[in-house]
Q: 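Sharing a structure with you now.
In what follows, residues are counted from 1 in the order of the sequence shown.
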Amino acid sequence: MGMRFGESFFDGLNNSQKEAAAASVGPVLVVAGPGTGKTLTIVRRIAALIAEGIRAENIMAVTFTNRAAREMRERMFALLGERSDGVFVGTFHLLGLTIVKENVLNGLRIANRDEQMDILRSVARGHGGKIEKVADAISRKKGMIEDLRGEMGGVCEAYQAALREKGMMDFDDLIATPIGLLADTALLEGYRERFRYIIVDEFQDINPAQYKLLKLLSGDNPNLCAVGDPDQAIYGFRGADVGSFLDFEKDATRTKRIVLTENYRSSGIILDGSSSMIRHNRRRVDKNVHPTREGGNRIKIVSVPDERAEGEFIVGEIEARMGGTSHFRLMASRQERNTSVACHDFSDFAVVFRTNAQARTLEDAFVSSGIPYQVVGGYSTRKRKEVVDVLSRLRRLGAVAGDTTPLKSLPAKDFVVWALREPELKGEGSGETLKTVYSLLEAVGTGGTAADFLNEACLLTPADDFDPRADAVVLMTIHMTKGLEFDVVFVTGAEDGLIPYRRPGESGDVEEERRLLYVAMTRAKKELFLIHARRRSMFGKREHRSPSPFLREIEDEFTETQVVPDRGTRRTANKQMKLF
């Protein structure tokens with residue numbers, strides 16, 4: 001197994017990372033807990049394969065978010081340069097789009113969320129205001145590979161017929177359609193020959209349809225590497241099944257299991273505290289991950305009077321760490337900040353929540369404080385609406401441009417330059433529209449055609465609205481935090497009914513909810529706050545709240561408690577006060 005480009009591809013890797021990067025033959029299961037350097041390991045594994053003489057075109061790396069795929073491509077190019085050209089790195093949906101594009105001759109259009117909702121409104125009139133639920137139900141059925149015929153009074157069939165009539169596919173069809181195409185044996189053999197080395201990131205989050213596509217492509221090929229962590233499986237509501245990860249070794253005989261054992265992100269207390277909680281789950285792979293940074297601040301469990309006080313508490317803690325947030329300070333450059341007072345940027349802080357409904361009150365607190373922030377997650381945020389609106393206008397302009405110049409032959413960059421001159425896109429040369437257009441182009445890449453750009457831009461999700469370059473506090477749902485890390489994390493709404501989340505009359509999946517809190521906790525590098533309110537408005541009612549039962553599961557040695565008194569109470573916050 002000679003490294004023709006030298007041993008440098010394994011430099012800086014710990015023993016378990018090196019083993020995972022070097023194990024090129026046979027099925028490999030890499031158990032990679034939070035902060036253990038899995039992206040680094042995957043990139044070095046690709047480099048090692050190319051160094052062995054494997055052609056770049058024969059390697060495929062699939063992940064779940066566009067953000068993760070982009071980071072992987074950037075790291076791969078930084079390490080290998082043009083030697084990495086030809087490696088497929090992208091999401092399952094980009095893989096599906098690629099297969100469809102290569103085999104469906106007529107023009108292909110991906111329905112964006114607005115177009116999907118419009119079609120559903122036209123075919124599901126009897127469902128009142130529940131169109132979002134209908135869309136989610138259809139998506140789940142496609143992900144589970146369930147028969148759509150006769151479902152929901154024929155709405156599913158009518159919806160699919162309307163898509164076909166418009167020459168469109170939705171997001172989930174990008175998995176279902178390739179599965180159908182690969183029933184052609186000759187076509188399937190061609191793709192199996194092409195993708196001889198397959199790496200799947202976040203393997204714990206695949207749903208049955210994605211698993212079937214993966215099994216079709218890998219066939220009896222032993223060179224399949226699954227990377228992930230069952231403790232971070234948080235997409236059961238989409239049909240993902242952690243069992244795919246847990247049963248991998250049964251499905252692929254002679255699997256080599258490698259556990260990445262060193263955490264480079266969180267302090268010892270944060271890692272050990274979150275580990276003490278997640279051990280209460282039964283469906284998991286036990287792993288002994290140890291921190292490279294021992295000790296640290298205790299996890300703070302904070303009781304506040306209500307959601308308004310929750311936002312005020314968070315703003316106060318951020319201001320204390322920034323040395324105040326006066327207008328002068330906000331205008332000052334990072335270099336001008338008084339380092340004796342603050343060693344943070346605003347982007348070092350994240351405020352995370354279980355549901356999008358929690359964002360409004362938190363946002364109010366940040367607006368009042370003047371602290372810069374960005375909200376990520378949910379189709380209702382201002383930024384997401386701007387992205388969807390601009391993309392819809394680009395799609396309309398694409399239809400006009402396609403009448404004269406086929407979009408398959410028009411370079412994406414040329415199309416964008418032309419579109420920005422059209423009255424349809426107001427604000428050319430300045431403003432939010434221009435910024436949004438170029439952020440879409442940057443996210444997708446400039447190498448393809450206008451048709452590629454318009455379709456791939458539809459694959460961008462609310463998570464892709466996160467701007468890592470903005471010096472602003474991030475407000476986001478826990479689901480959106482996957483793959484991110486921050487110095488200081490505030491987990492809000494750590495209450496029974498929110499974490500674990502339960503609607504009235506429902507029980508929910510307690511193990512998945514515990515995994516969600518684990519994901520939120522392990523985003524933190526230095527400080528972690530778990531905040532619960534004693535009163536909160538939920539489902540239209542003002543209610544008394546109880547702390548999340550998961551908080552009891554964090555061993556006492558890793559926590560300290562703090563109580564923010566009700567307004568008008570002179571009592572000071574009482575540290576170390578027991579909440580249970």
Q: Exactly one of Glu495, Glu307, His532 should register a side-chain hydrogen bond (donor to acceptor under 3.5 Å, both in side chains) with Arg545. Which one does?
A: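 That would be Glu495.
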
Q: Under 4.5 Å between any side-chain heavy atoms of Leu95 and Leu217, yes or no?
A: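 Leu95 vs Leu217: side chains touch.
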
Q: Begin from the C-alpha positions of Phe64 and Phe92 and carry the test ring pair (Phe, Tyr, Trp, His ring centres under 6.0 Å) through to its verdict.
A: CA-CA 7 Å; Phe64 268 79; Phe92 268 102; 5.6 Å; yes

Q: Could you walk me through whether Glu19 and Gln17 pass side chain to side chain donor-acceptor pair (under 3.5 Å), step by step?
A: CA-CA 5 Å; Glu19 187 182 5; Gln17 290 172 333; over 6 Å; no

Q: Please give me the minimum heavy-atom distance between Leu49 and Tyr197, naming the atom from each residue.
A: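 Between these two residues, the closest heavy atoms are CD2-CD2, 3.7 Å.
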
Q: Has the side chain of Thr481 got a donor or acceptor atom that lies under 3.5 Å from a matching backbone atom of Leu484?
A: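 Judged by distance alone, no pair lies under 3.5 Å.
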
Q: One thing to verify: whether Arg283 and Glu512 come together as a salt bridge, which I'm taking to mean a side-chain N less than 4.0 angstrom from a carboxylate O.
A: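 Here Glu512 does not pair with Arg283 in a salt bridge, since their nearest N and O are not under 4.0 Å apart.
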
Q: Do Gln160 and Asp173 come within less than 4.5 Å of each other through their side chains, counting heavy atoms only?
A: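 Yes, at least one pair of side-chain atoms sits under 4.5 Å.
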
Q: Within the side chain of Ser139, is there an N or O that forms a donor-acceptor pair under 3.5 Å with the backbone of Ala135?
A: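 Pair absent, no side-chain N/O of Ser139 close to backbone of Ala135.
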
Q: Under a 3.5 Å distance rule, please check whether Lys383 uses its side chain to pair with a backbone N or O of Asp465 as donor and acceptor.
A: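 Yes.
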
Q: Without hydrogens or angle criteria, can the side chains of Glu71 and Thr39 be said to hold a donor-acceptor pair below 3.5 Å?
A: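 Judged by distance alone, the side chains do not pair up.
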
Q: Assess whether side chain to side chain donor-acceptor pair (under 3.5 Å) is satisfied between Tyr235 and Glu202, documenting all intermediate values.
A: CA-CA 11 Å; Tyr235 287 105; Glu202 304 286 11; over 6 Å; no

Q: If you take all heavy atoms of Asn66 and Leu459, which pair is closest and at what distance?
A: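 Between these two residues, the closest heavy atoms are ND2-O, 3.1 Å.
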
Q: Taking all non-hydrogen atoms of both residues, which atom of Gln210 and which atom of Asp205 are closest, and how far apart?
A: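 The answer is OE1-O, 4.0 Å.
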
Q: Salt bridge or not for Arg192 and Glu189, using N-O below 4.0 Å?
A: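 Between Glu189 and Arg192 there is a salt bridge, with a charged N closer than 4.0 Å to a carboxylate O.
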
Q: Over all heavy atoms of both residues, which pair between Ser266 and Pro291 is shortest? Give the atoms and the distance, please.
A: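 Residues Ser266 and Pro291, closest heavy atoms: O-CB, 4.3 Å.
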
Q: When you check the gap from the basic side-chain N to the acidic O, do Arg298 and Glu560 get nearer than 4.0 Å?
A: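 No, this pair does not count.
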
Q: Would you check if the side chain of Glu310 reaches a backbone N or O of Ala533 as a donor-acceptor pair within less than 3.5 Å?
A: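 Judged by distance alone, no pair lies under 3.5 Å.
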
Q: Does Arg360 have more than 12 heavy atoms from other residues, nucleotides or ligands lying within 6.0 Å of its CZ?
A: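 Counting other residues, nucleotides and ligands, CZ of Arg360 stays at 12 neighbours or fewer.
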
Q: When you compare the side chains of Thr355 and Gln358, does any donor N or O come within less than 3.5 Å of an acceptor on the partner?
A: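 Note: Thr355 and Gln358 side chains meet the donor-acceptor criterion.
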
Q: Is there a side-chain contact between Ile499 and Val491 (heavy atoms, below 4.5 Å)?
A: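 A side-chain contact exists here, since the closest heavy-atom pair is under 4.5 Å.
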
Q: Within a reach of under 6.0 Å around NZ of Lys287, are more than 12 heavy atoms found that belong to other residues, nucleotides or ligands?
A: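 Count over threshold, so yes.
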
Q: From Ile301 CD1 over to Leu528 CG, what is the distance, rounded to the nearest 0.5 angstrom?
A: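 If we round to the nearest 0.5 Å, Ile301:CD1 and Leu528:CG are 9.0 Å apart.
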
Q: Any side-chain to backbone donor/acceptor pair from Arg515 onto Asn281? Under 3.5 Å, distance only.
A: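 No, because the side chain of Arg515 does not come within donor-acceptor range (under 3.5 Å) of the backbone of Asn281.
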
Q: Please check this pair: side chain of Asn263 against backbone of His290, looking for a donor-acceptor N/O pair closer than 3.5 Å.
A: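 No: the side chain of Asn263 does not pair with the backbone of His290.
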
Q: State the CD-OG1 distance between Glu456 and Thr98, to the nearest 0.5 angstrom.
A: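 Taking CD in Glu456 and OG1 in Thr98, the distance rounds to 7.0 Å.
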
Q: Does the side chain of Asp348 come within less than 4.5 Å of Lys526's, by heavy atoms?
A: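 No. Closest side-chain heavy atoms not under 4.5 Å.
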
Q: Okay, side chain of Thr522, backbone of Val519: is any donor-acceptor separation there less than 3.5 Å?
A: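 Yes, Thr522 side chain to Val519 backbone: donor-acceptor pair under 3.5 Å.
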
Q: May I ask you to check whether over 12 heavy atoms, not counting those of Asp509, lie within 6.0 Å of atom CG?
A: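 Yes, because the 6.0 Å sphere around CG of Asp509 holds more than 12 heavy atoms from other groups.
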
Q: Determine the sole option in Pro178, Ser218, Pro208 for which the side-chain contact (heavy atoms from CB on, under 4.5 Å) test with Leu213 is passed.
A: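 Result: among Pro178, Ser218, Pro208, Pro178 is the only option passing the side-chain contact (heavy atoms from CB on, under 4.5 Å) with Leu213.
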
Q: Between Arg265 and Glu485, does any side-chain N to carboxylate O distance fall below 4.0 Å?
A: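 Yes, charged N to carboxylate O under 4.0 Å.
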
Q: State, to 0.1 Å, how close Ala520 and Val489 come at their nearest heavy-atom pair, and which atoms those are.
A: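 Minimum heavy-atom contact is O-CG1, 3.9 Å.
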
Q: Does the pair Arg67/Asp464 count as a salt bridge with the N-to-O cut at 4.0 Å?
A: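 Here Arg67 does not pair with Asp464 in a salt bridge, since their nearest N and O are not under 4.0 Å apart.
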
Q: Where do Gly90 and Phe88 come nearest, in terms of heavy atoms and distance?
A: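 Distance-wise, the nearest heavy atoms are N-CE2, 3.7 Å.
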
Q: Could you walk me through whether Tyr211 and Asp241 pass side chain to side chain donor-acceptor pair (under 3.5 Å), step by step?
A: CA-CA 10 Å; Tyr211 188 68; Asp241 182 5; over 6 Å; no

Q: Is Met538 close to Leu498 at the side-chain level, that is, under 4.5 Å between some pair of heavy atoms?
A: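 Yes - at least one pair of side-chain heavy atoms lies under 4.5 Å apart.
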
Q: If the test is side-chain contact (heavy atoms from CB on, under 4.5 Å), which one of Leu362, Ile314, Val376, Val352 qualifies with Leu475?
A: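 Answer after filtering Leu362, Ile314, Val376, Val352: Leu362.
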
Q: Is there a donor-acceptor pair under 3.5 Å between the side chain of Arg75 and the backbone N or O of Arg44?
A: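 Here the side-chain-to-backbone pair does not exist.
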
Q: If you measure from NZ on Lys215 to OG on Ser244, what distance do you get to the nearest 0.5 Å?
A: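 OG of Ser244 is found 10.0 Å from NZ of Lys215.
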
Q: Can you label the angle between the Phe203 ring and the Phe248 ring as parallel, tilted or perpendicular, going by 30° and 60°?
A: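 Phe203 vs Phe248 ring planes: perpendicular.
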
Q: Salt bridge or not for Arg354 and Glu513, using N-O below 4.0 Å?
A: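 Yes.
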
Q: Are Pro34 and Gln232 packed together at the side-chain level, in the sense that at least one heavy-atom pair is separated by less than 4.5 angstrom?
A: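 Yes, at least one pair of side-chain atoms sits under 4.5 Å.
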
Q: Has Arg73 got a side-chain atom pairing as donor or acceptor with Val89's backbone, closer than 3.5 angstrom?
A: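 Yes: the side chain of Arg73 pairs with the backbone of Val89.
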
Q: Could you tell me whether the side chain of Cys225 reaches within less than 4.5 Å of the side chain of Val30, counting heavy atoms only?
A: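 Yes, at least one pair of side-chain atoms sits under 4.5 Å.
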
Q: Report the relative orientation of the aromatic rings in His479 and Phe237; use parallel for angles under 30°, tilted for 30 to 60°, perpendicular for over 60°.
A: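 The arrangement is perpendicular - the two ring planes meet at more than 60°.
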
Q: Would you give the length of the straight line joining atom CZ of Phe550 to atom CZ of Arg552, rounded to the nearest 0.5 angstrom?
A: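 One gets 11.0 Å once the value is rounded to the nearest 0.5 Å.
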
Q: Looking at Arg140 and Asp172, does any basic side-chain N land under 4.0 Å from a carboxylate oxygen?
A: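 The answer is no: the pair does not qualify as a salt bridge.
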
Q: Which value, rounded to the nearest 0.5 Å, describes the distance between Ile59 atom CD1 and Ile46 atom CD1?
A: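 Rounded to the nearest 0.5 Å, the CD1-CD1 separation comes to 6.5 Å.
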
Q: Would you mind checking if Lys38 and Asp229 are paired as a salt bridge, meaning a charged N to carboxylate O distance below 4.0 Å?
A: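 Result for this pair is no, no salt bridge flagged.
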
